[in-house]
Amino acid sequence: MTRFVRKSLVAVALTAAFGAGIASAADASLKTEKDKVSYMVGMDIGKGLGQIKDELDLAVVIQALQDEFKGGKTLLTQEEGQQVRQQFMEKLQAKRVADEKASADKNKTEGAAFLAKNKSKSGVKTTASGLQYEVVKEGKGKKPKATDTVKVDYTGTKIDGTKFDSSIDRGQPATFPLNGVIKGWTEGLQLMTEGSEYKLYIPAELAYGENAPPTIGPNATLIFDVKLISIEAAEATTPAAADKK
């Protein structure tokens, strides 16, 4: 966030070097190359500031650009601008941390409630670690060890049903060392024989915990529909979505 804010605010300042005409921008019809370049710069700035648009007054931003274009006195000195920038960055950082904590707490509470209810469902078993699993189809092959490499097809969803990854959608099974993925996968797949299809219900502490990818969110309980296709030779590895981050 800090890097983003710095880049975005610098982008606004740099725009002053790329031409005037901001006041009449609403009337531009993009007839000339200058029109098109000016509009392109505006588009880039708009995208760059999208994440903080609610913190900005566009009219004041335009005023600052015009003041810089004219080369005259600005309402803030360079030193004052730097101080405002630093304070703003700290504010956004604090908001980001607070939002992440709120999301983590919410996901943790909802995940615990889901697992507490889910464990009483017919066919669902719970291991000592808290991993829950359901046998959809039992295979007849071998069971992998933690040191083995496996080939699987899988679909991962959150407890609200949101799908965040699927090897099936990509049209290619994932191959990976079983000791190189999240704990819930390492444990769960060792319960399976080749050809088996299981549904794994993985608590956050056996998944990504607080350091989950943005598509998943902190402290999220995850559900994976997994088919263990085969145990592979150790050197035949390709990336899998359940890899440790």
Expected list for residues 214-221: side-chain donor-acceptor pairs under 3.5 angstrom, two or more places apart:
| from | atom 1 | to | atom 2 | distance (Å) |
| --- | --- | --- | --- | --- |
| Asn219 | ND2 | Ala104 | O | 3.4 |

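- The two atoms that bring Ser167 and Ala174 nearest to each other are CB-N, 4.3 Å, heavy atoms only.
- A distance-only check finds a donor-acceptor pair linking the side chain of Thr186 to the backbone of Leu178 [under 3.5 Å].
- For the pair Asp148 (side chain) and Lys145 (backbone), a donor-acceptor distance under 3.5 Å is present.
- Side-chain contact, Gln82 with Gln86: no donor N or O sits under 3.5 Å from an acceptor N or O.
- Rounded to the nearest 0.5 angstrom, Gln63 CD and Asp57 CG are separated by 9.5 Å.
- A donor-acceptor contact shorter than 3.5 Å is absent between the side chain of Ser230 and the backbone of Glu232.
- Qualifying salt bridge (Lys or Arg N to Asp or Glu O under 4.0 Å) partners for Glu55, counting only residues two or more places apart in sequence or in other chains: Lys91.
- Ser38 places a side-chain N or O within donor-acceptor distance of the main-chain N or O of Lys34, the cut-off being under 3.5 Å.
- Listed by chain and number, the residues in a salt bridge (Lys or Arg N to Asp or Glu O under 4.0 Å) with Lys101 are Asp105 (sequence neighbours excluded).
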- Item | Criterion side-chain contact (heavy atoms from CB on, under 4.5 Å) on Asp169 and Lys163, from CA distance to verdict | CA-CA 11 Å; Asp169 289 351; Lys163 180 165 61 176; 2.8 Å; yes
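- Residue Tyr201 is found in a hydrophobic cluster whose other members, listed by chain and number, are Phe114, Leu115, Val124, Ile159, Ile223; membership requires side-chain heavy atoms under 4.5 Å apart, directly or through intermediates.
- Nearest approach of Lys183 to Glu205, heavy atoms of both residues: CD-O, 4.4 Å.
- Side-chain atoms of Asp35 come within 3.5 Å of backbone N or O of Thr32 as a donor-acceptor pair.
- The two atoms that bring Glu187 and Leu206 nearest to each other are OE1-CD1, 4.4 Å, heavy atoms only.
- Taking the six-membered ring wherever Trp is involved, the centroid distance between the rings of Tyr154 and Tyr198 does not fall below 6.0 Å.
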- Please report the C-alpha distance between Met192 and Leu189 in whole Å, then the side-chain angles of each, then the deciding distance to 0.1 Å, and finally whether the side-chain contact (heavy atoms from CB on, under 4.5 Å) criterion is met. CA-CA 5 Å; Met192 303 173 66; Leu189 267 74; 4.1 Å; yes
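- Shown here are the salt bridge (Lys or Arg N to Asp or Glu O under 4.0 Å) partners of Lys158, two or more places apart in sequence or in another chain: there are none.
- Using modelled atom types, no side-chain atom of Thr193 and backbone atom of Ser196 make a donor-acceptor pair closer than 3.5 Å.
- Panel note: side chain Thr109, backbone Lys106; no donor-acceptor pair is recorded below 3.5 Å.
- Environment of CD in Gln78: sparse, with no more than 12 heavy atoms of neighbouring residues, nucleotides or ligands closer than 6.0 Å.
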- Begin with the C-alpha distance, continue with both residues' side-chain angles, and end with the deciding distance and a verdict on side-chain contact (heavy atoms from CB on, under 4.5 Å) for Phe224 and Val152. CA-CA 11 Å; Phe224 285 96; Val152 303; over 6 Å; no
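- Of the N and O atoms on the side chains of Asp225 and Thr155, not one donor lies less than 3.5 Å from an acceptor on the other residue.
- Val60 belongs to no hydrophobic cluster, as no Ile, Leu, Val, Met, Phe, Trp or Tyr side chain comes under 4.5 Å of its own.
- Using modelled atom types, no side-chain atom of Glu194 and backbone atom of Gly139 make a donor-acceptor pair closer than 3.5 Å.
- Residue-environment remark: CD (Glu210) stays at or below the threshold of 12 foreign heavy atoms within 6.0 Å.
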